[in-house]
Amino acid sequence: RMLRQIGEATSERISLIERINNFNDELKSKVAKATTALTERNQELRDLNARLLKMQLELVHLERLAVAGQLTATFAHEVGTPLNLISGHVQLLIESFHDNDTIVRKLALVQSQIRRLGEIVRRLLDATRKPKLELAPVNLNLLVQSVGALIRPTLYARQIQFLDHLDPELPLIQADQKQLEQVLLNLINNSLDAMPNGGELSIETASGPEHTASIRIRDTGAGIPAEHLERLFEPMFTTKEIGKGTGLGLSICRAIIKEHGGEIAVKSSLGAGTTFSILLPAEVPVLQPGA
Ligand code: ADP
């Protein structure tokens, strides 16, 4: 009996060892699968981070261009007004001295040089005009999702939780997708700056009244003092140190939203966070013949 019991115990142990071996193999293959998935995920994160960095650099570049453009436009405008005045007076002088050939010739020379300057100023103004909107039907939910995927790694690294609430009934809007993406990234960048110690960022889409769509970007950051709220959208208004902020982000956002026929508003309370709301007109439905 003892021999039988020993035999049974041995075969039980062998089957146990087999099961452990199987389990080990299974574990190994699971670990291998998980490692591959992790490597892929890491690669994805690296790609997304690289894309985000590229977009942020583009954004900074665009802001610089906007500053340069604005300065040039101001310069051209400021120079253009006195030039017109001078030109008018020279014209009057030409008329007054019409019987003195030498003076008229000299004044005509002055006039032609003024015209040349005027031409340069006009060319400068033309070069600083904004590019036109490229309108197409845009699904704001997809836009939020793609921006969300883009910023997730950064949010994760900064211990910021990301939540999105997307309205499945959201109407399509007629918009320039790239420019709206820039608006979202600008607002998100500001939210990130306002939450240096982590927090929560949420983006919500909703169908608004009278065929409109809205996006709300809320953070739990430092908030904005009441005296800053009214100056927030002014170009060059910034509370950030030199080199970190240009104060153009929000003015560009407002310009883009206005061009889309929409509105942007802000609500904030110090220490509790900030919410930016954007309201955009939805795509005007095209009437079918006979409808
Ligand atoms: P910049 O980011 O270059 O300063 P912006 O026009 O984007 O320019 O923002 C202007 C200012 O508005 C910021 O400097 C900051 O003080 C304030 N601000 C914008 N968004 C937020 C936010 N989500 N939380 C707190 N302050 C904000």
Side-chain angles (χ1 to χ4, degrees), residues 52-71 73-74 128 130 140 143-144 147-148 150-152 154-165 176 178-206 214-260 262-280:
L52 184 64
L53 189 71
K54 195 168 153 261
M55 289 193 81
Q56 272 173 341
L57 289 179
E58 271 172 20
L59 212 65
V60 172
H61 182 63
L62 276 176
E63 286 196 358
R64 288 241 171 92
L65 275 185
V67 178
Q70 219 164 28
L71 287 180
T74 315
T128 54
K130 283 176 281 162
L140 284 179
L143 184 68
V144 171
V147 169
L150 204 62
I151 56 167
R152 251 193 194 98
T154 309
L155 296 185
Y156 180 75
R158 298 196 189 188
Q159 295 180 329
I160 296 171
Q161 220 196 331
F162 179 60
L163 302 167
D164 57 13
H165 307 279
D176 186 318
K178 275 227 154 91
Q179 300 219 15
L180 284 190
E181 194 173 65
Q182 213 190 84
V183 170
L184 285 186
L185 283 173
N186 253 327
L187 296 178
I188 290 168
N189 262 341
N190 280 341
S191 288
L192 295 193
D193 286 341
M195 297 189 283
N197 303 316
E200 201 179 280
L201 175 77
S202 73
I203 306 189
E204 185 188 313
T205 59
S214 73
I215 313 184
R216 212 177 289 165
I217 293 122
R218 187 179 59 82
D219 66 55
T220 56
I224 303 168
E227 67 268 25
H228 287 173
L229 277 179
E230 61 211 45
R231 302 193 49 206
L232 219 59
F233 293 97
E234 278 176 20
M236 319 257 182
F237 174 77
T238 182
T239 58
K240 296 175 189 170
E241 57 195 83
I242 296 173
K244 271 216 93 187
T246 56
L248 286 174
L250 287 179
S251 71
I252 292 177
C253 287
R254 192 178 55 174
I256 293 177
I257 298 302
K258 281 238 141 61
E259 268 185 275
H260 281 84
E263 276 163 29
I264 180 166
V266 59
K267 273 200 182 132
S268 184
S269 59
L270 265 188
T274 305
T275 305
F276 280 90
S277 315
I278 297 172
L279 194 69
L280 289 160

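Predicted, not measured: the structure shown is a model, and the values here were computed from it. In each ligand, atom 1 is the first atom listed, and ligand 1 is the first ligand listed.
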Taking atom 25 (C) of ligand 1 as the reference point, the nearest protein heavy atom with its distance: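 Ranking protein heavy atoms by distance from atom 25 (C) of ligand 1, first comes Ile224 CG1, 3.5 Å.
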For atom 11 (C) of ligand 1, closest protein heavy-atom neighbour: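 For this ligand atom, the closest protein heavy atom is Phe237 O, 4.0 Å.
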Heteroatom proximity flag, Leu250 to ligand 1, N/O under 3.5 Å: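 Indeed, backbone or side chain, Leu250 has an N or O that close.
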Asn190 N/O under 3.5 Å from ligand 1 N/O: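 Yes, Asn190 has an N/O under 3.5 Å of an N/O on ligand 1.
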Give the atom numbers and elements of ligand 1 that come within less than 4.0 Å of a heavy atom of [X].
X      : result
Gly223 : 25 (C)
Gly249 : 5 (P), 6 (O), 7 (O), 8 (O)
Leu232 : 12 (O), 17 (C)
Ala194 : 24 (N), 25 (C)

As an exercise, state the distance from [atom1] of [X] to [atom2] of [Y], rounded to the nearest 0.5 Å.
X      : Y      : atom1 : atom2 : result
Leu229 : Ile224 : CG    : CD1   : 5.5 Å
His260 : Gln179 : NE2   : CD    : 6.0 Å
Ile217 : Thr205 : CD1   : OG1   : 10.5 Å
Glu263 : Lys258 : CD    : NZ    : 6.5 Å

Asp219 side-chain N/O to Leu201 backbone N/O, donor-acceptor pair under 3.5 Å: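 Side chain of Asp219 to backbone of Leu201, a donor-acceptor pair under 3.5 Å: no, none is there.
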Any donor-acceptor N/O pair, Ser214 side chain to Ile278 backbone, under 3.5 Å: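 A pair under 3.5 Å: no.
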Any Leu250 side-chain heavy atom under 4.5 Å of Phe237 side chain: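 Answer no - side chains too far apart.
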Could a heavy atom of [X] be found less than 4.0 Å from some atom of ligand 1?
X      : result
Gly221 : no
Asp219 : yes
Phe276 : yes
Cys253 : no

Non-neighbouring partners of Arg218 that pass salt bridge (Lys or Arg N to Asp or Glu O under 4.0 Å), sequence neighbours left out: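 Result, salt bridge (Lys or Arg N to Asp or Glu O under 4.0 Å) vs Arg218: Glu200.
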Heavy-atom pair with the smallest gap, counting every atom of Phe162 and Ile151: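 Minimum heavy-atom contact is CE1-CD1, 4.3 Å.
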Ligand 1-proximal atoms of Thr239, by part, heavy-atom distance under 4.0 Å: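 Both of them.
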Heavy-atom nearest neighbour of atom 8 (O) of ligand 1 within options Gly247, Ser191, Gly273, Ala222: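 Looking at heavy atoms only, the winner is Gly247.
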